[in-house]
Amino acid sequence: MSTGKGPLRLGTRKSLMATTQSQGVADALTRLTGHAVELVGVTTQGDVSKALLAQMGGTGVFVNALRDKILSGEVDFAVHSLKDLPTSETPGIKLAATPLRDDPRDALCGPSKLADLPRGARVGTGSPRRVAQLRALRPDLEIVPIRGNADTRLRKITDGELDAIVLAHAGLKRIGRLAEVGEVFDTDQMLPAPGQGSLALECRSDRDDLRELLAAVDDAATRRAVTAERTILAVLEAGCSAPVGTYAAEVDEELHLTATVAAIDGSRQIRMSASGHPDAAEQIGRDLAARMLAQGADQLMGERE
Ligand SMILES: NCc1[nH]cc(CCC(=O)O)c1CC(=O)O
């Protein structure tokens, strides 16, 4: 390794969620390769800004500071939540591994299940994808835009400000808050963000030796599933703030992909599925996105609040 004999330096955001997932990857790499890995905390624009993420132009706010440290050589690689990565490639940076995915589903946090919430209950989420699908399921709910880290959001339930909030199951698990989940949404009810629950390891594209080493924690089936999902996002030219949900998984050596584009007011949803050979993940995503566009997906996405 060109880092000499010292440990590999893993750049990470400093939040509990980020350091937990980074430490998990560090431990797995050490176990599988024998290399020591050291976490290097990096503050990103997304941690500093108080603006609603959806208003910040969505994609990439957590990612750029980490990529800068990779490009400058201050760190060797970074671990991101895959759903926070823009679909466009960044010059000089390569996706080196996608480890085995955690539960990709969304979870309703709070004491009750969705069906048991009283009429007009207050449910917090800042994600247009979650808003649109929640409104389709329960048009009577009052959706309250919220921001901040998971801890801040969860406190609004115990404070009585909100009846429930929606967060990713994977993130809740990483910060040890699964006990606060009232219901895990089935993907029939709510399709997750493309790549949700999956991590992404990135390093400089000129470091073939390092990429080979990081590949030790790659999971090929996860890579195929998230490739299909993110191709939908790329073809629809949507970001993480778009009302686009997807879910792909392999069953009996077939890759099944379902995707939705939903009007933010919950009035209309395009939801379609496709399947095929897992090695054709990208093509399955392309074809499904084309079919969704033919049904008017771009018009639905344009209907923002
Ligand atoms: N947008 C922030 C973000 N990025 C990744 C996760 C959760 C972990 C994951 O999906 O991998 C979250 C929080 C959430 O959406 O609840």
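Just so you know, ligand 1 is whichever comes first in the structure, and atom 1 is the first atom listed for that ligand.
Residue Asp84 places at least one N or O, backbone or side chain, under 3.5 Å from an N or O of ligand 1. The shortest N/O to N/O separation between Ala168 and ligand 1 falls below 3.5 Å.
Criterion: ILVMFWY side-chain heavy atoms under 4.5 Å apart, direct or through other members. Under it, Leu213 and Leu39 are part of a common hydrophobic cluster.
Numbered from 1 in the order shown, with element, the atoms of ligand 1 that lie under 4.0 Å from a heavy atom of Leu167 read 16 (O).
The residue among Ala193, Ser127, Ala170, Gly197 with a heavy atom at the shortest distance from atom 11 (O) of ligand 1 is Gly197.
By the criterion of a heavy-atom distance under 4.0 Å, neither the backbone nor the side chain of Arg101 is placed next to ligand 1.
Within the 4.5 Å cutoff, the side chain of Asp68 has no heavy atoms near those of the Val42 side chain.
With hydrogens and angles left out, the side-chain atoms of Gln196 and Asp106 include a donor and acceptor closer than 3.5 Å. In summary, the side chains of Asp218 and Thr98 do present a donor paired with an acceptor at a separation below 3.5 Å, with no hydrogens or angles considered.
In this structure, the side chain of Thr125 engages the main chain of Ser127 through a donor-acceptor pair within 3.5 Å.
Ligand 1 has at least one atom lying under 4.0 Å from a heavy atom of Arg174.
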